[in-house]
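Read through the structure below, which is laid out as structure tokens, and then see the notes.
What you see is a predicted model; the values in this text were computed from it and never measured. Count residues from 1 along the sequence.
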Amino acid sequence: MAALSSVRWLTRALVAAPTSGAWRGLGTSAVSHSVSRSQRPGREGGGRFPVDMVPGDGVGPELMHAVKEVFKAASVPVEFQEHYLSEVQNMASEEKLEQVLSSMKENKVALIGKIHTPMEYKGDLASYDMRLRRKLDLFANVVHVKSLSGYKTRHNNLDLVIIREQTEGEYSSLEHESAKGVIECLKIITRTKSQRIAKFAFDYATKKGRNKVTAVHKANIMKLGDGLFLQCCEEIAELYPKIKFDTMIIDNCCMQLVQNPYQFDVLVMPNLYGNIIDNLAAGLVGGAGVVPGESYSAEYAVFEMGARHPFAQAVGRNIANPTAMLLSASNMLRHLNLEYHSNMIADAVKKVIKVGKVRTRDMGGYSTTTDFIQSVIGHLHPYGG
């Protein structure tokens with residue numbers, strides 16, 4: 001009973017939110033988030049933007065090194081403030097988490113690697129990565145899955161966006177043993193957060209000139225939980241008559257993505273489904289090494305890889321593909337209104353892939369991470385030149 005009471009208390013804490021903040025969050029969108037840039041801290045001395053960098057685990061530090069090298073070569077006016085947070089390297093603690101949060105709340109923008117979550121239970125169900133996202137209320141994860149010119153896959157010319165609610169659902173960290181040998185894992189779906197992510201998806205589609213939003217669910221089985229999510233999406237869809245809206249069950253969505261991904265434009269879904277679909281879709285265009293991602297709250301923006309993998313087996317071997325992290329960093333620069341540098345770096349990365357002479361092993365080549373970085377630097381040219 002004590003365990004169950006604890007879970008109930010955690011559930012109430014998870015779903016509770018200040019009324020004004022919740023509604024303000026509901027209005028958060030790709031549009032309003034951009035407008036709020038004027039509220040971010042200005043440049044530091046010397047005209048540089050402060051940005052937090054959390055390398056994370058696996059090849060994260062190597063990928064961040066690639067970003068720093070390219071930024072240096074492109075004279076990008078960004079000052080990285082590095083923080084090391086890792087559960088597997090014993091570099092995680094409440095004090096360290098609070099330091100990272102404090103810095104991110106001040107700077108508003110961050111570039112992060114994968115903070116690996118061990119499977120072993122050590123007394124806390126919520127990982128540091130999950131706690132970081134919750135404390136910053138990074139409710140919207142956006143992964144733009146787009147084919148890279150010059151790199152052929154089974155499906156070419158793909159261009160779709162996956163929007164994932166990532167503060168509740170199956171990742172609520174509410175588990176308990178109700179009887180010996182019986183574990184209950186609670187999935188939390190709330191009206192407020194379902195409406196918020198649905199509105200974010202439709203605002204994103206409107207801002208980016210996209211035509212359709214597909215809500216992905218399993219309401220045929222989880223009639224109340226996913227049923228509420230689906231109902232909220234349908235209600236929000238009525239406010240956007242110019243955007244086509246349809247729905248699809250998660251298992252069918254996986255099959256359809258493999259068979260005919262061209263039918264999709266923007267997909268919105270709860271937490272676990274988004275994690276699965278992010279990885280599936282990344283595989284369609286080349287894998288985790290080539291797809292960028294980003295996460296938003298009403299105040300903060302975090303840029304990261306679209307499919308989050310530490311790639312631990314590649315650590316120290318100089319074989320990791322920095323494409324996804326470089327493209328994420330380029331998107332971060334665009335968010336900071338550094339369009340010139342953003343375009344220059346994105347163009348250089350895409351030119352290297354299009355030419356095809358320098359490719360890492362995951363893309364069928366034999367080039368090293370260093371080779372790729374140097375090639376990108378060699379393709380840096382004044383944008384438009």
Side-chain angles (χ1 to χ4, degrees), residues 34 37 40-85 100 103-104 106-115 144 148 288-296 300-306 308 311 318-355 358 360 367-385:
S34 299
R37 291 174 183 166
R40 288 203 299 266
R43 297 187 180 190
E44 288 187 337
R48 301 174 74 81
F49 287 93
V51 170
D52 289 296
M53 174 181 279
V54 183
D57 295 306
V59 295
E62 296 172 50
L63 299 179
M64 294 303 181
H65 172 73
V67 171
K68 289 186 285 187
E69 289 293 302
V70 172
F71 273 33
K72 180 180 178 180
S75 300
V76 177
V78 161
E79 184 71 34
F80 285 117
Q81 298 177 7
E82 292 190 56
H83 307 275
Y84 292 91
L85 188 66
V100 175
S103 184
M104 291 175 72
E106 180 179 348
N107 294 331
K108 310 292 186 186
V109 180
L111 185 70
I112 69 173
K114 168 62 178 174
I115 303 173
H144 186 183
L148 294 166
V290 301
V291 179
E294 51 217 59
S295 295
Y296 294 104
Y300 313 113
V302 170
F303 296 83
E304 57 196 331
M305 295 177 69
R308 304 166 192 162
F311 199 18
N318 198 25
I319 61 173
N321 187 347
T323 298
M325 193 61 78
L326 287 171
L327 292 177
S328 294
S330 170
N331 291 339
M332 180 192 75
L333 295 179
R334 184 170 294 109
H335 176 80
L336 290 169
N337 283 331
L338 295 172
E339 293 279 349
Y340 174 84
H341 295 89
S342 172
N343 290 331
M344 180 165 55
I345 291 172
D347 282 359
V349 172
K350 292 172 183 177
K351 284 177 184 175
V352 170
I353 292 173
K354 186 173 184 178
V355 171
V358 178
T360 48
S367 301
T368 65
T369 307
T370 302
D371 293 334
F372 194 93
I373 295 169
Q374 292 305 315
S375 186
V376 169
I377 291 173
H379 282 83
L380 289 173
H381 300 295
Y383 186 64

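The aromatic rings of Tyr296 and His335 are tilted relative to each other, their planes meeting at an angle between 30° and 60°.
Among all heavy-atom pairs drawn from Lys350 and Leu327, the shortest one is CE-CD2, 4.3 Å. Considering all non-hydrogen atoms of both residues, Ala66 and Pro322 come closest at CB-CB, 3.8 Å. For the residue pair Leu380 and Val70, the shortest heavy atom distance occurs at CD1-O, 4.1 Å.
In this structure, Ser342 contributes its side chain and Leu338 its backbone to no donor-acceptor pair below 3.5 Å. Listed for the Asn321 side chain is no donor-acceptor partner under 3.5 Å among the backbone atoms of Thr360. Side chain of Thr323 to main chain of Val290: no donor-acceptor pair is present (N/O by atom type, distance under 3.5 Å, no hydrogens or angles).
Residues Phe303 and Val109 form a side-chain contact, since some pair of their non-hydrogen atoms from C-beta on lies under 4.5 Å apart. Between Phe372 and Asn318 there is no side-chain heavy-atom pair separated by less than 4.5 Å. Two residues are said to be in side-chain contact when any heavy atoms from C-beta on lie closer than 4.5 Å; Thr369 and Val59 fail this criterion. Using a 4.5 Å heavy-atom threshold, the side chains of Lys68 and Lys72 count as separate. Leu111 is listed as a side-chain neighbour of Met325, based on a closest heavy-atom distance under 4.5 Å.
Using a 4.0 Å cut-off between charged nitrogen and carboxylate oxygen, Glu294 and Arg334 do not count as a salt-bridge pair.
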(request) Show your working on side chain to side chain donor-acceptor pair (under 3.5 Å) between Ser328 and Asn331 and close with a plain yes or no. (result) CA-CA 5 Å; Ser328 294; Asn331 291 339; 5.4 Å; no
